[in-house]
Chemist: 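Take this structure first; my questions come after.
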Amino acid sequence: FKQKTAYEIVDCDWSSDVCSSDLGDVWLSPHDRPLTREELCDAVAGADAIVCLLHDRIDDEVLDAAGPQLKVIANVAVGFNNVDTDAIAKRGTVWFTNTPAVLTEATADIAMALILMTTRRLGEGERVIRSETPWVWSMFYMLGTGIQGKTLGIVGLGLIGQATARRAKAFGMEIIYSGRRQADPAIEAELGARYVSFDELLETADVVSLHCPLNAETQHLIDADRLKQMRSDAFLINTTRGPVVDEQALVDALRAGEIAGAGLDVFEEEPKVNPGLLELENAVLIPHLGSATIETRTAMGVLAATNAVAVLNGEQPPTRSEEHTSELQSQSTISYA
Ligand code: GLV
């Protein structure tokens, strides 16, 4: 089995599908890994467009390294906590775009997978088999928690929150949600979702799934006090960004039995994982795989490149982020997931 390179995996020919004609020089990182700070600053020097990944910190230093000709930052992610959008807005001449909608279903699949893995103890079960630990079917062996008729609390009913709710509803769960604003009545009706306060959500949900973006307001949204508000038989699922949860407080809460389990796709200081989590059987831990399908990563890359190319061609990019662009660009629509 030969490990494929990134270019063999993606499902299109970037140069012909997206960069149709004379866009000038395209520098493509030869590495399928985060660039170091130095590599990033070197790579962007003189660029008109930067297509960056979620671990690339885009701030004044990188904008300066690029130079005044820079026209667009196209983030290959829906979340953009890696980008100092105020620094971009201040420049007044640089567009910022993200990749909403194309990763909705893949990420919701992972949220639902984590709900099933945590409630049914699947990681723990797999470890029993792989470690060749003796086991035998018995009435009370490794019992989990059924989710039918239980309540899923969605924090942030954006596109991914909705897609997760849709899946959970098909599994027989009731849906409540909290967030900055109430969803469209048609969406509430489709999902049978009830808008509740954050307090009510934490206090009543059997499973709490986080789908809010990471920003100054949501940093450590789930801290020791919030974890105490949750039911002791409840599960916490995080597929958004690690810092939305105070990871040490989560370890303490899991150890103390303040909540029943957690399923995490994201971590506070990725790729590091709090060692306390590694010791806990009731934590399911996967390495930021939310959007990691061939189809979705291809769609994300193509959308980001399409955004960049549109700007270079003097057109409006398809998925620009209104909230953080300058006056010049303020006709556009914000796209959160
Ligand atoms: C992935 O984590 C994303 O925000 O797109």
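Indexing begins at 1, ligand by ligand and atom by atom, following the structure's order.
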Chemist: With N75 as reference, evaluate T85, T99, N82 under the side-chain hydrogen bond (donor to acceptor under 3.5 Å, both in side chains) test and give the passing residue.
Modeler: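 So the option named by the test is N82.
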Chemist: Who passes salt bridge (Lys or Arg N to Asp or Glu O under 4.0 Å) against E132, sequence neighbours left out?
Modeler: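 E132: no salt bridge (Lys or Arg N to Asp or Glu O under 4.0 Å) contacts found.
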Chemist: Show your working on side chain to side chain donor-acceptor pair (under 3.5 Å) between D225 and Q229 and close with a plain yes or no.
Modeler: CA-CA 6 Å; D225 291 338; Q229 270 182 282; over 6 Å; no
Chemist: List in chain and number order the residues that pass side-chain hydrogen bond (donor to acceptor under 3.5 Å, both in side chains) with D206, two or more places apart in sequence or in another chain; answer none if no residue qualifies.
Modeler: R231
Chemist: Hey, are the side chains of Q219 and L214 touching, using non-hydrogen atoms and a 4.5 Å cut-off?
Modeler: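 Yes; the side chains approach each other to less than 4.5 Å.
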Chemist: Would you mind listing each N/O atom of ligand 1 next to any protein N/O under 3.5 Å, plus the distance?
Modeler:
from     : atom 1 : to   : atom 2 : distance (Å)
ligand 1 : 2 (O)  : R241 : NH1    : 2.8
ligand 1 : 2 (O)  : H288 : NE2    : 2.8
ligand 1 : 4 (O)  : V78  : N      : 3.4
ligand 1 : 4 (O)  : G79  : N      : 3.0
ligand 1 : 4 (O)  : R241 : NH1    : 3.3
ligand 1 : 4 (O)  : R241 : NH2    : 2.6
ligand 1 : 5 (O)  : V78  : N      : 2.8

Chemist: Please list all pairs meeting ring-ring contact (aromatic ring centres under 6.0 Å, His included) that have one or both residues in residues 112-168, counting only residues at least two apart or in different chains.
Modeler: none
